[in-house]
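Below: the structure, in structure tokens.
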Amino acid sequence: MGDIWGDLRAHSAAKSGRRILDLFDDPARADTFSCRADGMLFDYSKTQIDKGAVSLLLELARAKGVEARRDAMFGGEIINETEGRAVLHTALRAASGPIRVAGEDVMPGVLETRARCFDFAEAVRDGRFQGQGGTYTDVVNIGIGGSDLGPAMATLALAPYHDGPRLRYVSNVDGADINDTLQGLDPKRTLVVVASKTFTTIETMTNARTTRDWMAPHVTDPSAQFAALSSAADKAGEFGIPAERVFGFEDWVGGRYSLWGPIGLGIMIAIGQARFDEFLAGARTMDTHFQQADLADNLPVLLALVGVWHNQVQGHTTRAVLPYDQRLSRLPAYLQQLEMESNGKSVAMDGSDLAVHSGPVVWGEPGTNGQHAFYQLIHQGTRVVPCEFLVAAKGHEPDLTHHHRLLVANCLAQSEALMRGRSLDEARALMAAKGLDGAELERQAAHRVFPGNRPSTTLLYEQLTPFTLGQIIALYEHRVFVEGVILGINSFDQWGVELGKELAIALEPVLTGAEDGADKDGSTRALVAAARAAGGI
């Protein structure tokens, strides 16, 4: 395949002196460097990417086998090779089959579990399944990682569609999280959903037991107000949750890809079956587009290639996700896990060291809040931070259209400002207009220079509906997949989370004094001693 990486870097270096703004001398640039799919517009024209770069990036994607790997994933082949598993979160949102893994059609099981989840969610919503005190007013979902970030993000995003009990999410083993979450709730009218595939996750099970203890003085049988999202029905049974309230999923669904199935039970309870079906339909639409569109017009592929261009080619180590949509305020955190747990690797599929850097640091906050915080660094800092803006053409508040107009204006203005910047001559003119001259004019002008030429993309959608949210999440899932294929890594294992968890289990008896911790390093022993001396553990 030749040295496509080298060709890309050479192309980038050769064009590095030009300004993005000058590329718009081509009146067709915005159309050429954008992509539409089912009501969504992805604009990547405010980047250094040109036709030559696109050609090389597409050549890289094809050489790395993106299309074949994509087809293998949708076909149920074992592409999670380090764990020997298929990768079929897309099956959780499929409308029908067959979809086969090792020759067996998995869709009958998927559809049966989906129907069970819907039946339970609707029973909670309409009061057929009640707590000891009557119809449930609140649902507490206890999970962590993919069992929390995805459903918590989606539940907040779909707030205009809530017509069920209130949803609260607990994840942190810090006692403050569960304590503050349970404050003000009626134990007799609170449903607890414990989300853990193995039903052994230490943070989740600690919070579950604490919640059961909280409920026990007020409820005759606390377990009667619990449900489990787990493949370990036996362990859930030992906890006291009967099989009819245990909703499992297969090992070919990774935690951070799991909100489409039982892990999304909280979303189902909040918005109901019909709206959740719309959510699944939006994701299916993106799946179909990803499977069928040519790579050059494929939204997930182009989003991934822009990411590769900025990170592996141009060397920008971070990526800011900036939703101008308050209800997507948890999207950056969700994408942190999706992208950094998936592609934060240092070895290729065959175990060899990666020849290029892996995924970037992903971070962000919703606009316009971020404008009054970290945008200073984005605009005038010494490092370039590629930005990804998301914004809806219309909001959900018809009486507040002036708010939304101002929101959209800010979003579009920020991407323009990042690209355009402000020259020293322009800053001098501003200071001269304020009556400054001489050395003071020069000093003040220098502080008002914006380098500009900073890349950004914009994803514009009509409105944040369940359908649209399904599209957005599936878009980013497939983006992560494409980047992983190009890097030659397994995006579907997460061994990096294991070591710290193992060491934490070993440290607990040291903290209690049951073990002396002689095998620990000097720093750890000193910190343990200081923590014990302070009390509280």
Side-chain angles (χ1 to χ4, degrees), residues 38-39 88-97 99 106-129 136 138-141 143 146-169 191 193 195 227-230 245-250 253 255-288 325 327-328 330-331 334 338 396 461-477:
D38 300 293
L88 272 181
H89 49 279
T90 54
L92 295 183
R93 57 206 188 215
S96 61
I99 299 175
V106 303
M107 283 309 298
V110 168
L111 296 175
E112 179 186 5
T113 300
R114 186 186 300 168
R116 288 183 60 230
C117 288
F118 280 155
D119 288 346
F120 181 72
E122 293 302 317
V124 171
R125 286 163 54 81
D126 64 25
R128 284 178 289 122
F129 180 69
Y136 288 114
D138 295 274
V139 177
V140 175
N141 186 99
S147 299
D148 170 81
L149 279 167
M153 176 273 294
T155 299
L156 174 60
L158 299 178
Y161 302 91
H162 289 197
D163 55 5
R166 294 183 293 267
L167 264 291
R168 302 188 184 200
Y169 289 86
L191 172 68
V193 178
L229 313 179
S230 176
R245 293 203 305 277
V246 179
F247 306 92
F249 46 99
E250 301 296 332
V253 180
R256 57 194 176 277
Y257 297 91
S258 62
L259 80 168
W260 314 104
I263 292 296
L265 181 65
I267 311 170
M268 300 177 201
I269 292 172
I271 66 175
Q273 176 177 342
R275 293 298 191 184
F276 196 86
D277 272 333
E278 295 172 10
F279 176 59
L280 298 180
R284 284 198 300 271
T285 298
M286 187 57 67
D287 291 344
T288 300
D325 200 317
R327 294 189 176 105
L328 287 179
R330 294 294 289 161
L331 182 68
Y334 169 73
L338 180 65
H396 283 280
Y461 44 93
E462 183 177 350
Q463 189 177 44
L464 188 61
T465 65
F467 185 90
T468 302
L469 182 64
Q471 288 179 291
I472 291 172
I473 298 173
L475 165 65
Y476 275 92
E477 286 179 345

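- Heavy atoms of other residues, nucleotides or ligands lying less than 6.0 angstrom from CD of Gln463 number more than 12.
- At least one donor-acceptor pair under 3.5 Å links the side chain of Glu122 to the backbone N or O of Gln273.
- For Arg256, the side chain to side chain donor-acceptor pair (under 3.5 Å) partners are Glu341, Ser342, Gln494, not counting sequence neighbours.
- Residues meeting the ring pair (Phe, Tyr, Trp, His ring centres under 6.0 Å) test with His89, sequence neighbours left out: Tyr257.
- In terms of heavy atoms, Pro151 sits closest to Gly146 at CD-O, 3.7 Å.
- Across every non-hydrogen atom of Arg327 and Ala159, the tightest pair is NE-CB, 3.8 Å.
- Arg166 CZ to Ile269 CD1: the interatomic distance, rounded to the nearest 0.5 Å, is 14.0 Å.
- Remark: Glu278 pairs with Arg275 by the salt bridge (Lys or Arg N to Asp or Glu O under 4.0 Å) rule, at least two apart or across chains.
- Taking all atoms of both residues into account, the shortest heavy-atom contact from Val124 to Pro165 is CG1-CG, 4.1 Å.
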Report, one line per pair, each donor and acceptor closer than 3.5 Å where one atom sits in a side chain of residues 260-267; sequence neighbours left out.
| from | atom 1 | to | atom 2 | distance (Å) |
| --- | --- | --- | --- | --- |
| Trp260 | NE1 | Glu477 | OE2 | 2.9 |

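- Pairing each heavy atom of Ala474 with each of Arg93, the nearest pair is CB-NH2, 3.7 Å.
- Remark: Ala281 pairs with Arg284, Phe467 by the side chain to side chain contact (heavy atoms under 4.5 Å, CB included) rule, at least two apart or across chains.
- The two residues Ala270 and Leu167 have their closest heavy-atom pair at CB-CD2, 3.9 Å.
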Run the side-chain contact (heavy atoms from CB on, under 4.5 Å) check on Ile472 and Leu464 step by step: do they pass?
-> CA-CA 10 Å; Ile472 291 172; Leu464 188 61; 4.2 Å; yes
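- For Tyr461, the side chain to side chain donor-acceptor pair (under 3.5 Å) criterion is met by Asp325, not counting sequence neighbours.
- Here Ile473 contributes atom CD1 and Thr468 contributes atom OG1; the two are 11.0 Å apart, rounded to the nearest 0.5 Å.
- The side chain to side chain contact (heavy atoms under 4.5 Å, CB included) search around Asn141 returns Tyr169, Val193, Ala195, Leu229, not counting sequence neighbours.
- Residue pairs that meet the salt bridge (charged side-chain N to carboxylate O under 4.0 Å, His left out) test with at least one member in residues 258-272, sequence neighbours left out, do not exist here.
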Between Ile271 and His162, is a side-chain contact (heavy atoms from CB on, under 4.5 Å) present by the stated rule, with each step listed?
-> CA-CA 5 Å; Ile271 66 175; His162 289 197; 3.8 Å; yes
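- To the nearest 0.5 Å, the span separating OG1 on Thr285 from CG on Leu475 amounts to 12.5 Å.
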Chi angles and distances behind the side-chain contact (heavy atoms from CB on, under 4.5 Å) call for Asp38, Gln471 | CA-CA 9 Å; Asp38 300 293; Gln471 288 179 291; 3.5 Å; yes
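- Pairs passing the salt bridge (charged side-chain N to carboxylate O under 4.0 Å, His left out) check and including a residue from residues 108-119, sequence neighbours excluded, do not occur.
- Few gaps surround CZ on Arg125; more than 12 heavy atoms of other groups in view lie less than 6.0 Å from it.
- Legend: residues meeting side chain to side chain donor-acceptor pair (under 3.5 Å) with Asp126, ordered by chain and number and at least two apart, are Arg128.
- Expressed to the nearest 0.5 Å, how far CG of Leu259 lies from CG of Leu280 amounts to 9.0 Å.
- In this structure, Phe249 CZ and Ser230 OG are separated by 7.0 Å, a value rounded to the nearest 0.5 Å.
- Listed here is the closest heavy atom pair of Gly248 and Thr113: O-CG2, 3.6 Å.
- With sequence neighbours excluded, no residue forms a salt bridge (Lys or Arg N to Asp or Glu O under 4.0 Å) with Asp277.
- Judged as a side chain to side chain donor-acceptor pair (under 3.5 Å), and not counting sequence neighbours, Tyr136 has no contacts.
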Where do Leu469 and Leu328 land on the side-chain contact (heavy atoms from CB on, under 4.5 Å) test, with the steps shown first?
-> CA-CA 9 Å; Leu469 182 64; Leu328 287 179; 3.9 Å; yes
